[in-house]
Structure formats: C-alpha cells, structure tokens
Amino acid sequence: PVMNVYELFHDRFQRGADFLRTPDNEALYSYQDLHRISAQYANRFTELGLQKGDRVIVQTGKTPAFLFIYFACLRAGLIFLPLNTAYRHDELAYFAGNAEPSLIVCDPASETLFRDIVGSSTENQRCEILTLDINGEGSVIVDREATEFTPVDVNDDDVAVILYTSGTTGQPKGAMITHGNLAANGLALHEAWGWQDGDVMLHALPVFHIHGLFVATHLPVLNASPIIFLNSFDPTEVTRLLPHATVYMGVPTNYVRLLNHGGLSPEVCGKMRLFTSGSAPLLTQTFEAFTAATGHEIVERYGMTETGMNTSNPLQGKRKPGTVGPVLPGVEARVVDGEGRELPDGETGGLEVRGANVFRGYWRMPEKTAEEFTPDGYFRTGDQARRDADGYISIVGRSKDMIITGGLNVYPKEIESVIDKLPGVVESAVIGLPHPDFGEAVTAVVVREAEASISEAEIITALKNKLANFKVAKQVYFVGELPRNTMGKVQKNILRDTYAG
C-alpha cells in the first residue's frame, strides 16, 4: 500500500510559490491555489454523489481548471479520464459506453452532444454533465469556502487514470494507470533528469496525453517549480519564452518547427538546462541541427500509454542520437524473438518491459490484458527494438509496422534512415503494401524540400547502394506532408489505406 499520489505531490509542492504562470511569465496561480481549488472541486464532486473508483470524463480545452479537476480527482480517489478535443460523436459514444462515467465535464459547445450520448445509454442514466469553457467558466461551479478535503485512502494498485490508446486496429483500449504507477514513474524521472531548485517548465503540450499530463506536469509539481502555461504550441511564443525557462519538453515536430521558424541561438537558450523529446522518433538530423543552433543536445526518451516512461538518454553521459537511451531506474527491459527467448545485444526483436511503472491492465478487457503480459510479468510493448553493448535501446518500429516480404522481415526505420539522409528529402515513412508475389511490397512515402527534384529512381538507386535488395522500396510516393496524430506520431495505417489500391 502507498499513500494517495496526491499526498506525494502535496508533500513536494507545498514549499513552492508559483504553480502556473501566464504566457507573459507573470504569476497566475500559486501552489497554495492548487491545494485550495482542487479541494473545492473534490468537494463539489463528492457532493454530487461520486465515490472512490467512479469515472470522470473530461473533454475541454487546455486551461488551469483542467489541471485543478485532475488533481481533485486524484485527491477524491476518482478515476480521471481525459479525452482529446478532436474526438467526435461516434468515438465519444464508445468512450462513454465503455467507461460508464458518473460525471462528464465538457466544453459548453459539446453539452448537447454528450446529453444525446448519455440519454441513449441506459448504463449512463446516472451520469452528471457539467461544462467548462476555455476561460474556466461554466456550470462546474464550486463552493469557494470548501477549501479542505482529506485525500481518500487508496492502495498502490488503485486506478487513478484511464487513458485510451490510439491503436491502429480495433476499438481503443482503456489503459488503467494506478496511483503507484504515477508515483514510481514521476520519482524515477525526477531523479534521472536532475530536477533542481530554480527550474522553470515551459509547457506547450496537450494535457490529455501522458506526455503533457504526466511528464510535463508531474515533474515540475514534484519539484515545486513554476510552469509557464501555454494553451498550445506556437514556435514564436516558445522561442520568446525560452530565456525565462530551464526545461522544455516537445515532440519531434515541435523541434522541426522551432528550427524552421528561426530565432534559436545559444543566447536564447542560455538559461535552458534540459530539452527532452518523445511521443515519436527524433530524426538524427533534427538532433544534430538543434545542437548546432542552440548548443544543447536533446534528451530523447521512450514511453507509452501503458507504461509511462521506460528509458531515457542520460542527463550526464553520452546522448546517442537514434536511440532512446538505457532503462530508467526501477525498469527492466529485454528484447526477445518470436518464441519469447531473450536475444543478445545487437539483434532486433520484440521489446518487453517490467516495473512499478507498468499499468494494471486494460479496462474491462481481462483477456486482452492477459494476452499482453508474459507469465513472468513482462508487458509486450509491441515495439521492435535492439540494445547495444552500452545498454542503449533503439526503437526500430512497431510490430504491426514490420514488413514481411518474400518471407523476410524488414524494419521500416532502417530504410527511412537511408532515405532521410538524401539531399532534398525532409522525411519519409516506409510501409508494406499487399503484393501478389512477395506478400508485402516495401513502399516509401517521401516529403521533399520545396525546391527539391529528387526522383523515385534516385531514391531507389540510393537504397540499392546501401541495403540488401529485399529491403529496397519497390515504389516511392511523394506527398506534401505525412499524416500525424495529435502527439506527432506518423499514422502509417492511414498511409497503408491510402496507397493500398
């Protein structure tokens, strides 16, 4: 048993002053405000009849109130369920039907939509719906005098958050993240990334995802550090505010846009201590270009919805571009073949992880949960990886993205790495398409620079000069940009659907 994770946060942040700062770097809310206002929300929710373990769906814009509601749910033992604001009716109906929430907090513009969804579901007849707009206004009104709330007793494996995975096949799965998961992963990252007095977090990520909610919010809170809170990523705003911050966390697309925007320099980043990247692979050329522009090496790390963070390039020591570093303290990892046998360093196989960071399982999917864990407790990540002699792990692709052509396994990352280095190429994505002879044909989808004229034939020739013939793309398509989800991950399922014909 452990304490409610809110108690861990409170023990750490009560010595702090500013919690949130405005985009003008002015104090907006203090840590005392966080403790007081989260109590007000916790009291409001319990007055509505919500009890430990009840689910609270929140689909609103990125506002301070979103965070207050999140910490209130932790405090009250409620299960917080954030949803991407891009989700539409059918997706929302699935989430509401699957999670059976007791409370939905949504933007006023979505209230009718949710009432329609809840009204058509017998399971959700008892669900309350409250509104919250981008300015923090709505029907989710609190009693300003109700500033005391004793955290509800929980155990290590009590669920704190459900996050639905954005799987490319089948219905989304609700990953159950426990209070123990949040505590273990937060403390491991706090130590690994050397958080210290004087740190200031520049926050430009969404807060419905582990990157923005757990990593970029939990760590400054555990350190009682101020958070400069931006509604969204904007390269002009981020560049302007870097001189006032010490830590910035982004996805690779953010770093590419910062580089293209211009304005980065060692002077602008003079106070910065740490840049991290995750949620999608960081190209080696982006890593090198950012170092050349700023004098800082980005710390690339690897995590997923079900596990939080698993690995990280070191704060002190060599940061190897193209790798996601060694495992974090408290995390075990192994690379295995198709039969579950551990492979030696340098060989590619399925990555499995184990530790206090790993989720409890999928909500109401016991068979799927059992399927994803080994008998000795390792979680099958679904990622293909290899580990070098120094213990650094490289993610070479998803199992579902692996191409089997003529009975041979092809890992897209290896081919993408060759294409991405060619003059005139911005980036690429390699997929397998159905082929009557080979089973799957290796296919490249490439984004060219504006004035570049590199052709399909030139790319295929370059691949033939670098790789075994079975790995060479049979065809190349050129596009203006690759499709990505909200967190910057290339959606290869969309590419496969687009070019399958």
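Numbers for residues simply follow the sequence, beginning at 1.
- Residues I227 and M201 form a side-chain contact, since some pair of their non-hydrogen atoms from C-beta on lies under 4.5 Å apart.
- Using a 3.5 Å distance cut-off with no hydrogens or angles, the side chains of T60 and D107 do not pair a donor with an acceptor.
- Contact of the L189 side chain with the N185 side chain is registered, since non-hydrogen atoms from C-beta on lie closer than 4.5 Å.
- When side chains are defined from C-beta on, L264 counts as touching L259, because their heavy atoms get closer than 4.5 Å.
- Remark: the backbone N or O of N181 is not paired with any side-chain donor or acceptor of N357 at under 3.5 angstrom.
- Applying the side-chain hydrogen bond (donor to acceptor under 3.5 Å, both in side chains) test to every pair with at least one member in residues 132-143, sequence neighbours left out, gives these pairs: T131-S139.
- We find that R360 and E306 are not joined by a salt bridge, their nearest charged nitrogen and carboxylate oxygen being 4.0 Å or further apart.
- In summary, the aromatic rings of Y362 and Y164 are positioned with their centroids too far apart to meet the 6.0 Å limit.
- Of all non-hydrogen atoms in I393 and V327, the two that sit nearest each other are CD1-CG1, 4.2 Å.
- Remark: the backbone N or O of S225 is paired with a side-chain donor or acceptor of Y31 at under 3.5 angstrom.
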message: Please determine whether salt bridge (Lys or Arg N to Asp or Glu O under 4.0 Å) holds for the pair K52 and D158, giving the CA-CA distance in whole Å, both sets of side-chain angles, and the decisive distance to 0.1 Å.
response: CA-CA 10 Å; K52 176 183 173 181; D158 280 328; 3.2 Å; yes
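- Nearest heavy-atom pair across S102 and L50 is CB-CG, 3.9 Å.
- Looking at R301 and H211, their side chains come closer than 4.5 Å, going by heavy atoms from C-beta outward.
- The salt bridge (Lys or Arg N to Asp or Glu O under 4.0 Å) with D401 is formed by just one residue from the set R496, K489, K413; it is R496.
- The number of heavy atoms from other shown groups lying within 6.0 Å of CG (D11) is above 12.
- Shortest non-hydrogen contact noted between T217 and G212 is OG1-O, 2.8 Å.
- Of all the heavy atoms in L83 and Q59, the pair that sits closest is O-CG, 3.6 Å.
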- prompt: side chain to side chain contact (heavy atoms under 4.5 Å, CB included) between L187 and R12: does it pass, once the steps are laid out?
  reply: CA-CA 11 Å; L187 292 172; R12 295 299 195 95; 3.3 Å; yes
message: Under the criterion side-chain hydrogen bond (donor to acceptor under 3.5 Å, both in side chains), I'd like the reasoning laid out for W193 against S312: C-alpha separation, chi angles, the key distance, then a yes or no.
response: CA-CA 9 Å; W193 290 344; S312 174; 2.9 Å; yes
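- Here the options are V299, L242, L258, the test is side chain to side chain contact (heavy atoms under 4.5 Å, CB included), and the partner is F275; only L242 passes.
- Ring planes of H10 and H35: parallel class, angle under 30° (limits at 30 and 60°).
- Each of Y248, F19, F229 was evaluated against H203; a single residue qualifies, F229, per the ring pair (Phe, Tyr, Trp, His ring centres under 6.0 Å) test.
- Proximity of R21 to E26: side-chain heavy atoms (C-beta onward) are nowhere separated by under 4.5 Å.
- Proximity of a side-chain donor or acceptor of Y94 to a complementary backbone N or O of P172 within less than 3.5 Å is detected.
- With respect to R44 and E47, no salt bridge is recorded, no charged nitrogen being found less than 4.0 Å from a carboxylate O.
- Salt bridge status for E128 with R55: absent, with no side-chain N to carboxylate O gap under 4.0 Å.
- Aromatic rings from F71 and F9 are positioned such that their centres are separated by under 6.0 Å.
- Heavy atoms only, all atoms of each residue included: A96 and I57 are closest at CA-CD1, 4.1 Å.
- By the 6.0 Å contact criterion, CD on Q32 is enclosed, its count of non-hydrogen atoms from other residues, nucleotides or ligands being greater than 12.
- Listed for the W363 side chain is a donor-acceptor partner under 3.5 Å among the backbone atoms of N98.
- Around the CD atom of Q196, the shell of radius 6.0 Å holds more than 12 heavy atoms that belong to other residues, nucleotides or ligands.
- Under a cutoff of 6.0 Å and an axis angle of 45°, R75 and F149 do not form a cation-pi pair.
- For F208 and F66, the ring centers are positioned 6.0 Å apart or more.
- Residue Y302 forms a side-chain hydrogen bond (donor to acceptor under 3.5 Å, both in side chains) with just one option from N313, D383, T307, and that option is D383.
- One finds no salt bridge joining R88 and E91 here, because no Lys/Arg side-chain nitrogen approaches an Asp/Glu carboxylate oxygen to under 4.0 Å.
- In this structure, R240 does not pair ionically with D234, as no charged nitrogen and carboxylate oxygen lie closer than 4.0 Å.
- Between L328 and N310, every side-chain heavy-atom pair lies at or beyond the 4.5 Å cut-off.
- Judged by distance alone, the side chain of K492 and the main-chain N or O of G432 form no donor-acceptor pair under 3.5 Å.
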message: Let's go through R484 and E427 carefully: what are the C-alpha distance in whole Å and the side-chain angles of both, what is the deciding distance for salt bridge (Lys or Arg N to Asp or Glu O under 4.0 Å) to 0.1 Å, and is it a yes or a no?
response: CA-CA 13 Å; R484 283 184 156 82; E427 62 178 342; 2.8 Å; yes
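- Considering only heavy atoms from C-beta on, D116 comes within 4.5 Å of H89 through its side chain.
- Heavy atoms only, all atoms of each residue included: R380 and F373 are closest at NH1-O, 3.2 Å.
- The 12-atom threshold is exceeded at CD of Q14, counting heavy atoms of other residues, nucleotides or ligands nearer than 6.0 Å.
- For R257, the salt bridge (Lys or Arg N to Asp or Glu O under 4.0 Å) test picks out no residue, with sequence neighbours left out.
- Remark: V256 engages N260, T286 in a side-chain contact (heavy atoms from CB on, under 4.5 Å) (not counting sequence neighbours).
- No more than 12 heavy atoms of other residues, nucleotides or ligands lie within 6.0 Å of CZ in R144, so this atom counts as exposed by the packing criterion.
- Between the side chain of N155 and the backbone N or O of D157 there is no donor-acceptor pair closer than 3.5 Å.
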- request: Show your working on side chain to side chain contact (heavy atoms under 4.5 Å, CB included) between H218 and L182 and close with a plain yes or no.
  value: CA-CA 9 Å; H218 287 180; L182 298 180; 3.8 Å; yes
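- A donor-acceptor pair under 3.5 Å is absent between the side-chain atoms of Q40 and the main chain of T147, judged by distance alone.
- Looking at V446 and Y477, their side chains never come closer than 4.5 Å, going by heavy atoms from C-beta outward.
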- request: Would you please test N223 and H190 for side-chain hydrogen bond (donor to acceptor under 3.5 Å, both in side chains) and show each step?
  value: CA-CA 8 Å; N223 203 59; H190 186 274; 2.9 Å; yes
message: Test side chain to side chain contact (heavy atoms under 4.5 Å, CB included) on T381 and M304; report intermediate values, then the result.
response: CA-CA 8 Å; T381 67; M304 57 193 307; 3.7 Å; yes
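- Taking the six-membered ring for Trp and the full ring otherwise, the centers of F214 and H209 sit at least 6.0 Å from each other.
- M249 pairs in a side chain to side chain contact (heavy atoms under 4.5 Å, CB included) with only one of the listed residues (L202, V215, N254), which is V215.
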- request: Start with the C-alpha gap between D199 and T246, add the side-chain angles, then the distance that decides, and say whether side-chain hydrogen bond (donor to acceptor under 3.5 Å, both in side chains) holds.
  value: CA-CA 5 Å; D199 272 339; T246 66; 2.8 Å; yes
